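Okay, structure first, notes after.
Just follow the structure's listing: the first ligand is 1, and inside any ligand the first atom is 1. This is a predicted model, so every value here is computed, not measured.
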Amino acid sequence: MKPLLEVKNIQCRYQNTIVVDNLSLHVNQGSLVCLLGPSGCGKTTVLRAIAGFEPVYQGEVIMEGRLMSKPGFMQAPEKRRLGMVFQDYALFPHMDVFHNISFGIRRCPTEEKRQAVEHLLALVGMENFEHRFPHELSGGQQQRIALARALAAKPTIILLDEPFSSLDPDIRENLSVEVRNILKKESITGILVTHHQDEAFAMADQVGVLKAGKIHQFDTPYNLYHEPLDQFVADFIGQGVFLQGTMMSPDTIETELGIIRGDRAYKWERGSKVDILLRPDDVVVAESDNALHGKVVHKAFKGADILYTLQMPTGSKILALFPSHHDHAVGDQVGIALDMHHVVAFPAGRAAERV
Ligand code: ADP
């Protein structure tokens, strides 16, 4: 199957500064893809290049087999059949919900418009809101209407630029899941840009993790968390720390917290120094006499769990996620063990840059 959208080795610049370089992305019909990365890494620029608001200086953008952008050529945005949803809702304040949603299809016959708006309002769970004005709606409701408006013209692809970032975290996560369900129900292809991992994971089938205009890994949320390809992805996705270790054999690594035996073989020589990714859920409570002990230096209550920062006797700090009935105070010594289902290691010395 040919991808619906092919972004091939594009380069984008502002004046002479290259902000996106040699970036490629393939999106299949019906799939939901997210570009995730820290602020300023080029996510919006890529989305704008896809939409036809930014030129490409190298590479191509192809939609449904048709060339949309190449150096010196840019098909107009309105000819790309794209729907867009932005962070700031961008509803027309002087129009009610009916007229906002039907704006893109305002030349259609009245009955067709009425049916389309009815269908879209039902789809976004806002039946009977057609006479309300934007200022009479909550942020989440306005964003549902913005989505309905973007879908009205039956776009080939819908582009969502940080669509839930101005909403409260609770609403953000629920709405991300809901929007995913809506788009899946209608088999709509979507590209989301966000710097919130929870939003990306709740919505997307595949996520491209960007740093400084380059995709470091394009994968499922599960693989990004469990099989990060490099230290940047390991550090940016989820929480965790790196433990220093020394290879003893392809699947056995000596660390300051004991010997870790993994479920995979690494090709590095015996004696090579490595950094091992330790997630908070790799650390479990251990009450035996020979357990390792760490001192609680910080705790964050998460409801069902508590995330502890533990200072180990070796000086390292690690994160541990315990069920919240294991309630310890700052300063307490806590017995722990490592329970790593699989070991993710990288050559040492390329410490991840915190963002
Ligand atoms: P993100 O969406 O990941 O936050 P952007 O794509 O908005 O990142 O920006 C990428 C880089 O390009 C940033 O360094 C930003 O400062 C710069 N940039 C964005 N828009 C412009 C512009 N219109 N003129 C000059 N530089 C810009």
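- The pair Glu112-Arg107 does not meet the salt-bridge criterion, since no charged nitrogen lies less than 4.0 angstrom from a carboxylate oxygen.
- For the atom pair CG of Leu210 and CD of Gln217, the computed distance is 12.5 Å after rounding to the nearest 0.5 Å.
- Residues forming a ring-ring contact (aromatic ring centres under 6.0 Å, His included) with His328 (at least two apart in sequence, or on another chain): Tyr308.
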- [ ] Please test Val179 against Leu147 for side-chain contact (heavy atoms from CB on, under 4.5 Å), starting from the C-alpha separation and ending with a verdict.
- [x] CA-CA 8 Å; Val179 168; Leu147 176 67; 4.0 Å; yes

- [ ] Could you check Lys295 against Asp332 for salt bridge (charged side-chain N to carboxylate O under 4.0 Å, His left out), going step by step and ending with a plain yes or no?
- [x] CA-CA 6 Å; Lys295 189 169 105 179; Asp332 282 359; over 6 Å; no

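- Ring centroids of His99 and Phe103 are separated by 6.0 Å or more, keeping the two rings apart.
- Contact shell of ligand 1 (protein heavy atoms, cutoff 4.0 Å): Tyr14, Val19, Pro38, Ser39, Gly40, Cys41, Gly42, Lys43, Thr44, Thr45.
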